[in-house]
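One structure is given here, and the rest of the page talks about it.
Predicted model only: the values in this text are computed from it and were never measured.
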Amino acid sequence: MQAQPADLIVDNVRVHTGNPKQPRATAIAVRGTRFLYVGDDPSRHVGSSTRRINANNGVLIAGFIDSHGHMAGLGDLLESLNFRGVKSTAAVAEMVRGAAQTRPKGEWIKGRAWDQTEWGGAFPTAEILDKAAPDHPIYLSRVDGHAAWVNTRALERADIQRQTPDPAGGKIYRDGSGKATGILIDRAQGLVASKIRARTPEQIERAISLAAQECVRFGITSVHDAGIGSGELAAYRSLILKGKLPVRVYAMIGGAGNLWNEYLKKGPELSEKLTVRSVKLVSDGAMGSRGAAFLQPYADDAKNSGLLILSGAEIEKIARQAIERGFQVNTHAIGDRANRTVLEAYKAVLGGKNDRRFRIEHAQVVDPSDIKLFAENSIIASIQSTHATSDMRWAESRLGKARLAGAWLAQTFLAAGVPIANGSDFPVEETNPLLGFYAAVTRQDASGNPPGGFLPKEKLTRDQALRSWTLGGAYAAFEEAEKGSIEVGKLADFVILSEDLTRTAEVRLTVVGGEIVYQAR
Ligand SMILES: [Zn+2]
């Protein structure tokens with residue numbers, strides 16, 4: 001039988017397939033959107049129009065699946081100008097001028113992290129920004145978030161005039177005549193910040209497009225967008241129509257509101273680029289701000305045990321609707337009380353082993369007696385390994401020692417038979433999945449602290465960590481037959497790295513469905 005010619009062959013490469021039946025290979029071939037061949041001798045598949053890539057002994061793995069990120073939020077962050085380390089107001093003005101050229105007049109320009117001590121200590125003025133971008137309102141946060149530098153358009157939008165009083169807890173800087181100079185301190189920032197309008201459809205689309213490019217730059221080929229509204233949905237549709245969405249998106253509907261009700265009527269939407277078959281609920285807040293719901297009070301705040309945002313009964317009701325219409329439920333739960341509430345609500349509707357693949361997002365602190373509820377009801381723990389190493393600084397003061405036994409679990413979940421998926425929660429954490437991989441394997445921060453790792457028995461092996469970033473994410477989206485490993489017949493979503501997975505490995509090439517979507521220069 002004549003072998004089929006490939007569109008793309010990559011050889012001289014160390015392939016970590018993620019397929020236990022054939023863990024290693026040195027070449028792959030792609031035809032159309034899928035893998036045609038995985039092995040050591042692709043020569044039978046060389047055709048007259050086959051493109052060949054010699055990977056120079058790089059490492060090829062399945063594309064990363066980030067199981068929990070926020071695309072529009074990442075895009076907003078990427079779009080906002082970053083003045084960290086910028087040494088003059090002229091340089092700030094130049095960046096603002098550049099931004100003004102790329103967006104319509106009247107649209108807000110946002111920036112962050114300026115620091116007047118970089119240029120001698122004098123606070124800058126609205127005038128500098130007025131000259132750079134006279135037709136755009138501008139809002140630039142100081143590096144500590146306690147001051148904003150705005151231009152005249154922004155002062156006008158907020159109707160700040162000579163007679164406007166300083167708000168309680170805030171100060172409007174003024175010249176000798178009482179006119180605002182463009183610096184707003186603390187609560188005075190809100191006068192302008194509250195006027196920054198909701199994003200337009202074009203802005204959302206631009207933000208998501210930027211975020212998608214950022215993802216593929218880091219080797220992410222699929223993202224689970226953890227809570228979208230109709231604006232994001234429209235942006236995804238538009239980008240797909242234009243052929244401008246390089247990454248695949250598994251979108252969770254944000255909350256049980258109008259969009260959820262629409263989808264309940266029409267049922268899940270499945271396609272190769274965009275899938276909508278889940279709802280994202282939020283059962284409590286975050287631990288840093290002591291909003292996460294615990295069974296016992298915070299160790300550093302004896303009267304406060306946080307707050308439940310949704311009751312078990314509410315979660316149960318939505319979960320029943322979801323099951324009836326073929327949807328998955330993914331609920332944010334941080335504290336042990338929130339986790340227990342969600343687990344019990346899920347259990348009430350799932351009633352034992354099943355293939356609904358309900359998820360708990362974060363699953364950060366679980367009472368050890370509740371861990372079995374995950375496995376017994378086939379519930380997925382959707383974890384973020386970098387949260388462990390970011391939050392460890394204050395973990396023990398918030399939780400006390402005893403509760404750490406159920407905190408930031410990973411290996412314990414696997415040992416208990418709980419499927420895990422890994423993610424970054426970008427833009428809360430860095431987008432780069434290699435940092436998540438590193439945190440999962442070492443439980444250390446970027447400087448190698450603490451020695452031996454934070455809660456080190458939760459370290460994952462390299463294989464487990466990679467799996468949590470590939471097949472684990474695929475499974476959490478019902479897509480393990482399509483992606484997550486390098487196997488003939490699966491979608492050709494892969495990454496070539498400069499070296500084995502380490503914090504400093506570089507992404508050389510990212511391919512989604514056989515198409516090169518990122519190539520390092
Ligand atoms: Zn999130």
Side-chain angles (χ1 to χ4, degrees), residues 68 281-312 315 330-347 359-377 379-423 425 428-429 436 439-445 449-460 468:
H68 187 119
L281 305 176
V282 176
S283 75
D284 68 345
M287 218 185 301
S289 48
R290 299 189 189 81
F294 284 95
L295 298 164
Q296 303 294 328
Y298 284 88
D300 55 2
D301 189 355
K303 289 201 174 73
N304 181 12
S305 50
L307 271 180
L308 272 184
I309 294 171
L310 279 178
S311 70
I315 295 166
N330 306 335
T331 308
H332 160 122
I334 302 273
D336 53 12
R337 181 168 174 229
N339 275 283
R340 179 175 291 174
T341 303
V342 178
L343 286 164
E344 283 177 346
Y346 281 3
K347 180 186 171 185
R359 300 164 46 164
I360 296 190
E361 302 302 312
H362 313 303
Q364 245 170 40
V365 186
V366 179
D367 189 274
S369 68
D370 292 336
I371 293 168
K372 61 179 190 306
L373 290 174
F374 281 88
E376 285 169 6
N377 297 284
I379 294 163
I380 298 166
S382 170
I383 63 171
Q384 297 79 31
S385 291
T386 34
H387 279 335
T389 52
S390 295
D391 298 351
M392 63 187 179
R393 287 170 283 125
W394 41 258
E396 195 172 331
S397 62
R398 289 279 190 289
L399 296 177
K401 231 183 178 70
R403 268 186 295 203
L404 290 178
W408 294 281
L409 304 175
Q411 194 61 256
T412 298
F413 278 138
L414 289 180
V418 180
I420 61 170
N422 222 320
D425 205 2
V428 179
E429 301 278 359
V441 170
T442 66
R443 306 281 289 197
Q444 290 173 328
D445 67 16
N449 286 316
F454 172 61
L455 306 173
K457 71 178 189 7
E458 299 303 335
K459 280 181 196 172
L460 297 180
S468 73

* To do: Applying side-chain contact (heavy atoms from CB on, under 4.5 Å), run through Asp391 and Gln364 and close with a yes or a no.
  => CA-CA 11 Å; Asp391 298 351; Gln364 245 170 40; 3.9 Å; yes
* Asked: Who pairs with Thr412 by side-chain contact (heavy atoms from CB on, under 4.5 Å), at least two apart in sequence or on another chain?
  -> Ile371, Leu409, Lys457, Glu458
* **Ser385 versus Gly436, closest heavy-atom pair with distance** => CB-O, 3.6 Å
* Asked: Who passes side-chain contact (heavy atoms from CB on, under 4.5 Å) against Pro450, sequence neighbours left out?
  -> Met392, Phe454
* To do: Specify the closest pair of heavy atoms between Ala410 and Leu460, including all atoms of both residues, with the distance to one decimal.
  => CB-CD2, 3.8 Å
* So which heavy atom on Thr341 is nearest to which on Ser311, and how close? -> CG2-C, 4.3 Å
* Salt-bridge criterion met for Asp300 and Arg290 (N-O under 4.0 Å) -> yes
* Asked: CE/Met287 to CH2/Trp394 distance, rounded to the nearest 0.5 angstrom?
  -> 5.5 Å
* Structure fact -> Tightest non-hydrogen contact, residues Leu399 and Val365, listed as CD1-CG2, 4.1 Å
* **side-chain contact (heavy atoms from CB on, under 4.5 Å) involving Ala381 - partner list, sequence neighbours excluded** => Ala363, Phe374, Ile383, Phe413, Val418, Ile420
* To do: Taking all non-hydrogen atoms of both residues into account, name the closest pair between Ala345 and Ile315 and its distance.
  => CB-CG2, 3.8 Å
* Asked: Where the side chain of Tyr298 meets the backbone of Ala292, is there a donor-acceptor pair that is under 3.5 Å apart?
  -> yes
* Asked: Where the side chain of Arg359 meets the backbone of Ala421, is there a donor-acceptor pair that is under 3.5 Å apart?
  -> no
* Structure fact -> So CD1 of Ile379 and NZ of Lys347: to nearest 0.5 Å the spacing works out to 10.0 Å
* To do: Report yes or no: does Asp284 contribute a side-chain atom to a donor-acceptor pair with the main-chain N or O of Gly335 at less than 3.5 Å?
  => yes
* Asked: Below 4.5 Å, heavy atoms only, C-beta onward: do His387 and Val428 meet side chain to side chain?
  -> yes
* **Partner residues of Asp370 under the side-chain contact (heavy atoms from CB on, under 4.5 Å) criterion, sequence neighbours left out** => Arg340, Leu343, Val366, Asp367, Leu373
* To do: Look only at the side chain of Asn422 and the backbone of Ser468, and say whether a donor-acceptor pair between them is shorter than 3.5 Å.
  => no
* Gly285 to Ile309 - nearest heavy-atom pair and separation -> N-CD1, 4.0 Å
* To do: Kindly say whether His332 contributes a backbone atom to a donor-acceptor pair with the side chain of Ser283 at under 3.5 angstrom?
  => yes
* Which residues pass the side chain to side chain donor-acceptor pair (under 3.5 Å) test with Gln384, sequence neighbours left out? -> His362
* For Ser390, enumerate each residue passing the side chain to side chain donor-acceptor pair (under 3.5 Å) test, keeping only those at least two apart in sequence or located in another chain. => Glu429
